[in-house]
Q: 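Starting off with a structure, shown below.
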Number of protein chains: 2
Amino acid sequence: MGFELCSRPRNAAATRAAILDAASRRFMAETYEQVGMRDVAGDVGVDAALISRYFGSKEDLFLAVLDNCGKGSDLMDGDRADFGRRMAHELVYGEPNEGKMGWLLIMLRSASSPKAAAILKLSSNNFHAPFAEWVGGRNALVRARLLTGVLMGLGVSRDISGGFDFDAEECETMCAWLADTLQGLIDG
Amino acid sequence: MGFELCSRPRNAAATRAAILDAASRRFMAETYEQVGMRDVAGDVGVDAALISRYFGSKEDLFLAVLDNCGKGSDLMDGDRADFGRRMAHELVYGEPNEGKMGWLLIMLRSASSPKAAAILKLSSNNFHAPFAEWVGGRNALVRARLLTGVLMGLGVSRDISGGFDFDAEECETMCAWLADTLQGLIDG
DNA sequence: TCCGGTTGTCAACGCGTGATGACATATGCA
DNA sequence: TGCATATGTCATCACGCGTTGACAACCGGA
């Protein structure tokens, strides 16, 4: 970040992609309202007006981010049999605002914002439908929603205190419970 | 709402309380940034400048709301043996932004806002400590955090689509799983 | 009755936001 | 080389926000 300032070649597609990427990271870490066009532009090393030109409005940019994130959701990367342990470990020991939960983070941050929520609502099924299919089994959609719900909730809970402030044994307890519960939802 | 306009008696304590109440409801339903002084004042039927006079700044108002809400948290009202079923029913069938989860809703809405999060972080233990004591048993604090996490997460999940759009059987499935899981956390 | 303080209103300020249109500069083709 | 267009920048606008200080209305005690 920052070295883009020197000698960026004039390439519309590349800078458009860079803007989309920077916006994704911002929307994962901050509220819809909180993400500023000038911030995103600053990350890329570009003037804020360019975003308006490429994406139209802020809402359009957010929509583009959702479309882009929804495609390759990394929740479904990896072995199904290991899902619970993987996510539990990510939640308890992983760095906030990183890792395999990009899409969930965006939903989380923006769900309470009316403008973003209206957009999210449309895009939400684009995420849950394939995820439910991946989950499979009886009542797949319900279990998918429960999974994303629990993951998001613990994400909030962790963020509030900036990471779980537990000792090693407590972390193990939490991690184990989470792994069992999440895996139980996967297995049906 | 609105009838307060006529003939409110000039009573500082009462209007101060009314402002606090209106602000609480706003902070349960909207993000910290999104809640406007003019909105809160409008709910009470009062000028926005009065809030600044009574509470100082917006942050101070938010802090006052947290203190006020934290006192009588309704999560702990009712029978412990019935906690799971009660909360599950509330989540699946209850109206959004109402019911027994006021404090959780505020945490949820405001966790992603830097200003509010800083305040929340301080006030968070004021909530979790007594709740953990109410939960009791081994690793009470971990289980309390898991409980609030799951509750918040499903709250977000529900909000995103404006209520769970499931048929009756699916709602029952979800409700049953939630009741079991939450009660399991309570019982240890 | 009049006066002092409490309670509430009003207009305005400074700030930051998203968005716009005019302008500058690099690129690629003839 | 020279021009047309793509690419990016800049100054600026209108708006909404939290906050402030001056003003108005009301009440209670002398």
Side-chain angles (χ1 to χ4, degrees), chain A residues 2-23 26-27 29-65 109-110 112-116 118-119, chain B residues 2-23 26-27 29-65 109-110 112-116 118-119:
Chain A
F3 86 95
E4 304 92 338
L5 287 172
C6 57
S7 79
R8 158 185 298 282
R10 286 168 87 95
N11 180 340
T15 57
R16 205 193 122 100
I19 290 172
L20 201 59
D21 187 59
R26 285 280 180 181
F27 281 125
E30 302 163 44
T31 312
Y32 176 83
E33 281 89 6
Q34 188 125 73
V35 174
M37 302 286 94
R38 289 168 174 85
D39 300 333
V40 175
D43 290 347
V44 184
V46 127
D47 191 275
L50 206 60
I51 302 183
S52 290
R53 177 128 78 206
Y54 281 167
F55 291 91
S57 67
K58 183 182 183 179
E59 300 187 18
D60 294 330
L61 173 65
F62 185 63
L63 194 56
V65 165
R109 305 281 179 226
S110 308
S112 304
S113 158
K115 279 188 203 167
I119 306 173
Chain B
F3 86 95
E4 304 91 337
L5 288 171
C6 60
S7 80
R8 158 185 299 279
R10 287 169 82 93
N11 181 340
T15 57
R16 205 193 122 99
I19 289 172
L20 200 60
D21 188 59
R26 286 279 179 181
F27 281 125
E30 302 162 45
T31 313
Y32 176 83
E33 280 89 6
Q34 188 124 72
V35 173
M37 303 285 95
R38 290 169 173 85
D39 301 332
V40 175
D43 291 346
V44 183
V46 127
D47 191 276
L50 206 60
I51 302 183
S52 290
R53 175 125 79 207
Y54 281 167
F55 291 90
S57 68
K58 184 181 183 178
E59 301 188 17
D60 293 331
L61 173 63
F62 185 63
L63 195 56
V65 165
R109 306 282 179 224
S110 308
S112 304
S113 158
K115 280 188 203 168
I119 305 172

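Lettering follows sequence order; numbering is per chain, from 1. As the structure is a computational prediction, the values presented were derived from the model and not from experiment.
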Q: With A48(A), which residues qualify under side-chain contact (heavy atoms from CB on, under 4.5 Å), at least two apart?
A: M37(A), R38(A), A41(A)
Q: How would you list, by chain and number, every residue that makes a salt bridge (Lys or Arg N to Asp or Glu O under 4.0 Å) with E33(A), sequence neighbours excluded?
A: none
Q: For nucleotides 22-30 of chain D, list the nitrogen or oxygen atoms of the protein found under 3.5 Å from its nitrogen or oxygen atoms, one pair per line.
A:
residue: dA25(D); atom: N3; partner: R10(B); partner atom: NH2; Å: 3.2

Q: Given atom CD1 of I51(A) and atom P of dT17(C), what is their separation to the nearest angstrom?
A: 13 Å
Q: Could you tell me which non-hydrogen atom of V40(B) sits nearest to which non-hydrogen atom of A23(B), and how far apart they are?
A: CG1-N, 3.9 Å
Q: CD1 of I19(B) versus C1' of dT7(C): gap in Å, rounded?
A: 11 Å
Q: Just to be sure I understand the rule, does A49(B) reach a base, reach only the sugar-phosphate, or reach nothing, if contact means heavy atoms closer than 4.0 Å?
A: base
Q: Report yes if some heavy atom in the side chain of F55(A) is under 4.5 Å from a heavy atom in the side chain of L20(A); otherwise report no.
A: yes
Q: Between D47(A) (CG) and dG21(C) (P), how many Å, whole number?
A: 16 Å
Q: Base, sugar-phosphate or nothing for Y54(A)? Non-hydrogen atoms, less than 4.0 Å.
A: sugar-phosphate
Q: CG/L50(A) to CD1/I19(A) distance, rounded to the nearest 0.5 angstrom?
A: 5.0 Å
Q: Partners of D47(B) by side chain to side chain donor-acceptor pair (under 3.5 Å), sequence neighbours excluded?
A: none
Q: Taking atom C1' of dG18(C) as reference, at what distance in whole Å does atom CG of D60(A) sit?
A: 12 Å
Q: My understanding is that only residues two or more places apart in sequence, or in another chain, count here; which of them pass side chain to side chain donor-acceptor pair (under 3.5 Å) with S112(B)?
A: R109(A)
Q: Near DNA chain C, which residues from residues 32-40 of chain B have a heavy atom under 4.0 Å away?
A: R38(B)
Q: Run the salt bridge (Lys or Arg N to Asp or Glu O under 4.0 Å) test against D39(A) and tell me which residues pass, sequence neighbours left out.
A: none
Q: Using atom CZ of R26(B) as one end and atom P of dC17(D) as the other, report the distance to the nearest whole Å.
A: 11 Å
Q: How large an angle, rounded to 10°, do the end axes of the helix from dT1(C)-dA30(D) to dA30(C)-dT1(D) enclose when each is built from five base pairs?
A: 10°
Q: Reckon T15(B) has a side-chain N or O less than 4.0 Å from the OP1 or OP2 of dT7(C)?
A: no
Q: Distance check, rounded to the nearest 0.5 Å: Y32(A) atom OH versus I119(A) atom CD1?
A: 5.0 Å
Q: Which residue pairs pass the side-chain hydrogen bond (donor to acceptor under 3.5 Å, both in side chains) test when at least one of the two sits in residues 50-59 of chain B, sequence neighbours left out?
A: S57(B)-D60(B)
Q: Rounded to the Å, how far apart are L50(A) CG and dC10(D) P?
A: 12 Å
Q: Using the test salt bridge (Lys or Arg N to Asp or Glu O under 4.0 Å), find all partners of R26(A) that sit at least two apart in sequence or belong to another chain.
A: E30(A), D43(A)
Q: Specify the separation, in whole Å, of atom CZ of F62(B) and atom P of dC17(D).
A: 18 Å
Q: Rounded to whole angstroms, how far apart are CD on E59(A) and P on dG18(C)?
A: 12 Å
